Amino acid sequence: MIRVRFAPSPTGFLHLGNARTALFNYMFAKANKGAFILRIEDTDRERSREEYTAQLMEDLKWLGIRWDEGPDAGGPYGPYKQSERLHIYKEYLDKLFTQGAVYKCFCTEKELEERRQIAILAGRPPRYDNRCRALTEGQVKSFQDAGREYVIRFKVPENTRISFNDVIRGRVEQDSSLLGDFVIARPDGIPSFHFAVVTDDALMKVTHVIRGEDHLSNTFLHLLLFKALGFEPPQYAHMSLTKGADGALLSKRHGVTSIKDFRDKGYMPEAVANCISLLGWSAPDKKELFRIDDIADAFKIDHLSKSPSVFDLKKLDWIAAEHMKLLSAGELSLRIAARGLFMPQIDGVLLHRLIDDIKGGASTLNGLHAGITAILGPLAVTDGLKSRLSQDPARKVLSAFAEKTEKAEYFDRDTFDRIIGEIAEENPGLKKRDIFVPLRLAVTGTDRGPDMHLLMEIFGKTGCLDRLKNFSEKV
RNA sequence: GCCCCGAUCGUCUAACCUGGUUAGGACAUUGGCUUUUCAAGCCAGCAAUACGGGUUCAAAUCCCGUUCGGGGCGCCA
C-alpha cells in the first residue's frame with residue numbers, strides 16, 4: 001500500500017507552493033489508491049502557532065484536498081502532531097546514543113555563528129566543524145557539571161558516497177565529507193526537523209516522500225538517519241519549485257500567493273487547484289481544464305518537470321473564468337451568497353440570465369458580483385459620462401429613445417428593436433454602435449456589459465425611463 | 001566559496017527515457033471575422049530547443065564543457 005504525507009509546519013498561511021506539494025501528494029495517493037497523511041511539524045516552538053494549524057487544514061479542505069490520517073482524522077500511526085510525539089523521538093534518540101551514533105555538542109549559537117562567518121570569509125564551506133565530536137568523557141562531564149546546555153549531533157560517517165534514486169530526478173549523489181555533523185535534538189530535548197521527519201516517516205510507514213526540491217540536499221542527511229535507525233528509507237520524489245515573475249522563489253512580496261489570499265479575492269477553489277496542478281506537470285491527454293478529482297486517477301509522478309516554473313496570474317484568471325462558465329447561474333449565485341455578498345433584488349429568472357450572460361468575463365466570484373451590482377445598482381453620473389453623452393449625436397439618440405419609449409404601450413424585445421430601427425432611419429448617418437453605446441452608457445454607466453435586450457427587460461419601461469431621466473437631469 | 005539540481009516561444013508546457021516531428025498545444029500579445037458597443041466566440045499572425053564541442057547517416061533528444069538560473073551548506077522546516 002502506497003502511503004504519502006504532507007507535512008507543513010504551522011508558521012503561517014498555506015502558501016501556493018506548499019499547496020501544490022499537498023496537491024501532488026493527494027493526487028498520487030488517489031491515483032494509487034493509497035493513503036494520504038497530514039502531519040503537522042510543529043517542533044519549532046517559537047514560530048509554530050496553533051491557529052495556523054487550523055487555518056492550514058481549512059485551506060487544504062477548501063482546495064478539495066482530503067486526508068485519510070491526520071490530527072483531526074486520527075489513524076493507526078498517530079499522533080499526527082510532532083509536538084505530541086516527543087516521547088517517541090526520545091526513545092529513538094536513546095537508541096542512537098546507545099549505538100554511539102550521536103554526541104553532545106556544547107558549542108554556543110554565538111560561537112557557531114562566528115565560526116560560520118570566518119569559514120565563509122576563508123572560502124570554506126560554512127558547515128559545523130565537528131569539534132565536539134572529539135570531546136573526551138571528562139570534558140563532557142565537566143561541561144555538564146558546569147550546567148552548560150548542549151545539543152545532540154549526529155556523527156556523519158566520513159568519505160562515504162551517499163546516493164539515492166529520485167523518482168523525478170534519477171540518481172542523485174554526494175560525498176558525506178561535505179556534510180557537517182548535524183543537530184538532531186535541541187537543549188530542551190525537542191528534535192530537529194531532520195530527526196523528526198525521518199522518525200515519523202519511518203514509523204508512519206510512508207512509502208513515498210514527495211516534497212520540494214529545497215529538500216533535495218537534506219535527503220542525504222535523512223538517508224544517513226534511516227540507516228542508523230535501522231529503517232528502510234522511502235522513495236523520494238523532489239518536485240521543482242515555483243517562482244514569481246522576477247525569477248525569485250515565490251514569496252509574500254509577490255503579492256497574492258497564499259491560498260487564503262486567493263480565497264479572499266473570490267477565486268473558486270477548483271480553479272486554483274487546477275491552475276497550480278499545471279505548474280511543473282501536465283495531464284497525459286494534454287487537457288488543461290479539469291477538476292482535480294476527475295484527473296487524479298491518471299496522475300503519474302514521473303511526469304513532473306525538473307525545472308522550476310513561474311506562476312502566472314493571467315493564466316489563473318483564464319482558468320478561473322473557464323471554471324466560472326462551467327457552473328450554472330444558480331450555483332454561482334449560491335456561491336456568491338455564501339461569501340456574504342448580497343444580490344440586488346430583481347426577478348430571479350432575469351438575474352440568472354444576467355449571470356449566464358456575464359459569467360465568462362469574470363475570474364472571481366467577487367468580480368462577478370461586482371459586475372452584477374455595477375449594472376443593477378444605482379447609476380453614478382460621472383464627469384466623463386457627462387461629456388460623452390452631452391453632445392450630439394448621443395444627446396439626440398437619448399432623447400429620441402426616451403420619447404419613443406414613453407409612447408410605447410409595451411416594452412418588449414420587438415418594441416425595443418423597432419425603436420432602435422426608427423432612430424436609425426431618422427438618423428441615416430449613424431451606425432448602430434452610435435445608438436447602442438450612448439444608450440448603454442446612459443442606462444448602465446459603462447460601455448460594456450450584457451446584451452441590451454436583457455438589460456431593457458431587467459429594467460423595464462419605467463426603469464429605463466427613470467435612468468434616462470435621472471441622467472438628463474444631471475447633465 | 002563548496003555541493004546538489006536544472007535549462008524548449010514572454011509564461012505554463014508537449015516531443016527527451018526508447019535520436020528521424022514543418023519543434024505541437026495553452027495563456028498572454030497582435031490582426032481579422034462576427035456583431036448590438038465592450039466582452040465572449042471563431043479564424044489567423046508573432047514567438048523557443050542558452051552557448052560550444054563530441055557521438056551518429058541523423059541530436060531538442062545521448063555524452064562533455066561553458067554560461068546562466070534555482071536550491072543547500074542553521075539549535076528553520
Side-chain angles (χ1 to χ4, degrees), chain A residues 7-11 18 41-44 46-48 82 105 107-109 112-113 116 119-128 149-153 166 168-170 172-175 177-180 182-188 190 192-194 196-197 211-221 238 240-241 243 245 247-249 275 278-284 286-289 302 305-319 321 325 357-362 371 416-417 420 431-441 446-453 455:
Chain A
S9 53
T11 56
N18 281 149
E41 309 217 322
D42 54 352
T43 53
D44 183 346
E46 276 152 42
R47 296 196 303 151
S48 295
Q82 290 186 331
C105 166
C107 298
T108 66
E109 290 187 71
L112 256 18
E113 185 51 34
R116 217 187 328 270
I120 290 170
L121 256 32
R124 292 197 314 269
R127 42 155 277 201
Y128 179 59
E149 285 193 332
Y150 60 86
V151 298
I152 310 296
R153 284 185 190 269
D166 191 278
I168 296 170
R169 280 150 217 285
V172 180
E173 49 188 1
Q174 185 170 73
D175 199 300
S177 317
L178 275 345
L179 274 17
F182 55 97
V183 174
I184 65 168
R186 304 186 180 96
D188 53 11
I190 295 196
S192 73
F193 162 71
H194 303 298
V197 163
R211 56 180 12 173
E213 196 195 338
D214 49 341
H215 288 297
L216 193 59
S217 301
N218 289 332
T219 308
F220 301 113
L221 308 181
H238 288 93
S240 59
L241 269 14
K243 307 188 292 180
L249 237 47
C275 184
L278 254 19
L279 259 22
W281 180 76
S282 59
K286 296 191 188 175
K287 283 239 169 49
E288 294 198 287
L289 294 169
D302 52 358
S305 150
K306 295 178 194 169
S307 49
S309 42
V310 174
F311 173 69
D312 183 12
L313 195 63
K314 289 227 179 82
K315 184 111 179 187
L316 171 62
D317 281 337
W318 173 73
I319 290 173
K325 289 182 199 167
D357 197 288
I358 65 171
K359 67 187 181 187
F416 176 75
D417 286 341
I420 298 298
K431 289 181 193 157
K432 285 209 168 169
R433 61 156 53 173
D434 296 326
I435 300 171
F436 277 97
V437 172
L439 213 46
R440 180 185 288 282
L441 280 171
T446 162
D447 58 4
R448 48 193 299 182
D451 177 30
M452 282 293 284
H453 287 107
L455 245 26

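None of the values given here were measured: they were computed from a predicted structure. Naming convention: chains lettered A, B, ... in sequence-line order (proteins, then strands); numbering from 1 in each chain.
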A.B. asks: Would you kindly check whether a donor in the side chain of A:D312 faces an acceptor in the base of B:A28, or vice versa, at under 3.5 angstrom?
C.D. replies: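 No, the side chain and the base share no sub-3.5 Å donor-acceptor pair.
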A.B. asks: When we call it a touch if two heavy atoms are under 4.0 Å apart, what does A:G212 touch: a base, just sugar-phosphate, or nothing?
C.D. replies: nothing
A.B. asks: With C1' as the reference atom in both, quote the distance from B:A59 to B:C68 in angstrom, rounded to an integer.
C.D. replies: 22 Å
A.B. asks: With heavy atoms under 4.0 Å as the rule, sort A:R153 into base, sugar-phosphate or nothing.
C.D. replies: sugar-phosphate
A.B. asks: Regarding A:Y128, tell me which of base, sugar-phosphate or nothing describes its non-hydrogen contacts under 4.0 Å with the strands shown.
C.D. replies: sugar-phosphate
A.B. asks: Within the structure shown, what part of the strands sits under 4.0 Å from A:H194 by heavy-atom distance: base, sugar-phosphate, or nothing?
C.D. replies: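 If one applies the 4.0 Å heavy-atom cut-off, A:H194 turns out to touch a base.
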A.B. asks: Indicate, with a heavy-atom threshold strictly under 4.0 Å, whether A:D166 touches base, sugar-phosphate, or nothing.
C.D. replies: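 Nothing, no heavy atom under 4.0 Å.
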A.B. asks: Return the nucleotide paired to B:G19: Watson-Crick means purine N1 to pyrimidine N3 with N6-O4 or O6-N4, wobble means G-U with N1-O2 and O6-N3, both under 3.5 Å.
C.D. replies: none
A.B. asks: So does A:K325 get a side-chain nitrogen or oxygen closer than 4.0 Å to the phosphate oxygens (OP1/OP2) of B:G41?
C.D. replies: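 Yes, because at least one side-chain N or O of A:K325 sits under 4.0 Å from OP1 or OP2 of B:G41.
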A.B. asks: Taking the side chain as everything from C-beta on, heavy atoms only, tell me whether A:V172 gets closer than 4.5 Å to A:F220.
C.D. replies: yes
A.B. asks: Find the distance A:D214:CG to B:G6:P and express it as a whole number of Å.
C.D. replies: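 Going from CG in A:D214 over to P in B:G6 covers 16 Å.
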A.B. asks: Has the side chain of A:D166 got a donor or acceptor atom that lies under 3.5 Å from a matching backbone atom of A:H238?
C.D. replies: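 Yes: the side chain of A:D166 pairs with the backbone of A:H238.
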A.B. asks: So which nucleotide does B:A77 pair with, by the Watson-Crick or G-U wobble rule with both distances under 3.5 Å?
C.D. replies: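 Pair assignment: B:A77 / none.
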A.B. asks: Are A:T43 and B:A77 close enough that a side-chain N or O sits under 4.0 Å from OP1 or OP2?
C.D. replies: yes
A.B. asks: Suppose you measure atom C1' in B:C9 against the same atom in B:A15; what distance do you get, rounded to whole Å?
C.D. replies: 15 Å
A.B. asks: How about A:I152 and A:C105: do any of their side-chain heavy atoms sit closer than 4.5 Å?
C.D. replies: no
A.B. asks: What is the distance, to the nearest angstrom, from the CG atom on A:L112 to the P atom on B:C73?
C.D. replies: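 My rounded result for the distance is 13 Å.
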A.B. asks: Which whole-number value in Å describes the distance from A:L279 CG to B:C27 C1'?
C.D. replies: 13 Å
A.B. asks: Contact class for A:C107 (heavy atom, under 4.0 Å): base, sugar-phosphate, or nothing?
C.D. replies: base
A.B. asks: For a quick check of understanding: with a heavy-atom distance under 4.0 Å over all strands, which category does A:E46 fall into, base, sugar-phosphate or nothing?
C.D. replies: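 Nothing: the residue A:E46, judged by heavy atoms under 4.0 Å, touches no strand.
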A.B. asks: With sugar-phosphate meaning primed atoms plus P, OP1 and OP2, does A:I358 contact a base, only sugar-phosphate, or nothing at under 4.0 Å between heavy atoms?
C.D. replies: nothing
A.B. asks: Could you tell me the separation between the NZ atom of A:K286 and the C1' atom of B:G25, rounded to a whole number of Å?
C.D. replies: 6 Å
A.B. asks: Is there a donor and acceptor pair closer than 3.5 Å between the side chain of A:K306 and the base of B:A7?
C.D. replies: no
A.B. asks: Mind checking A:D451 for me? I need base, sugar-phosphate or nothing, with any heavy atom below 4.0 Å counting as a touch.
C.D. replies: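 A:D451: base contact, heavy atoms under 4.0 Å.
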A.B. asks: In whole angstrom, give me the gap between the P atoms of B:U61 and B:C51.
C.D. replies: 11 Å
A.B. asks: For B:G32 versus B:U11, give the span between their P atoms, rounded off to a whole number of Å.
C.D. replies: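 Comparing P positions in B:G32 and B:U11 gives a spacing of 27 Å.
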A.B. asks: Using a heavy-atom cut-off of 4.0 Å across all strands, would you classify A:G247 as base, sugar-phosphate, or nothing?
C.D. replies: sugar-phosphate
A.B. asks: So, is A:R186 close to the B:A77 phosphate, meaning a side-chain N or O under 4.0 Å from OP1 or OP2?
C.D. replies: yes
A.B. asks: Say whether A:T219 and A:R211, considering side chains only, have a donor N or O and an acceptor N or O under 3.5 Å apart.
C.D. replies: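 Yes, side-chain donor-acceptor contact under 3.5 Å.
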A.B. asks: Looking at every strand, decide which applies to A:E41 at a 4.0 Å heavy-atom threshold: base, sugar-phosphate, or nothing.
C.D. replies: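 Sugar-phosphate contact only.
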A.B. asks: Could you tell me whether A:P450 contacts a base, only the sugar-phosphate backbone, or nothing, with contacts defined as non-hydrogen atoms closer than 4.0 Å?
C.D. replies: base
A.B. asks: What is the distance, to the nearest angstrom, from the CD atom on A:E288 to the P atom on B:G24?
C.D. replies: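 Taking atom P of B:G24 as the reference, CD of A:E288 is at 16 Å.
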A.B. asks: For B:A28 versus B:A39, give the span between their P atoms, rounded off to a whole number of Å.
C.D. replies: 13 Å
A.B. asks: Please measure how far the P atom in B:G72 lies from the corresponding atom in B:U29, and state the result in whole Å.
C.D. replies: 34 Å
A.B. asks: B:A14, OP1 or OP2 - any side-chain N/O from A:S282 closer than 4.0 Å?
C.D. replies: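 For B:A14, OP1/OP2 do have a side-chain N/O of A:S282 under 4.0 Å.
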A.B. asks: Considering only the C1' atoms, how many Å lie between B:G10 and B:C2, rounded to the nearest integer?
C.D. replies: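 34 Å, rounded to whole Å.
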A.B. asks: Quick one: label A:V151 by what it contacts on the DNA or RNA (base, sugar-phosphate, nothing), any heavy atom closer than 4.0 Å.
C.D. replies: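 It contacts base atoms.
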A.B. asks: When all nucleic acid strands are considered with a 4.0 Å heavy-atom cut-off, which category describes A:R47: base, sugar-phosphate, or nothing?
C.D. replies: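 Counting heavy atoms under 4.0 Å across all strands, the contact made by A:R47 includes a base.
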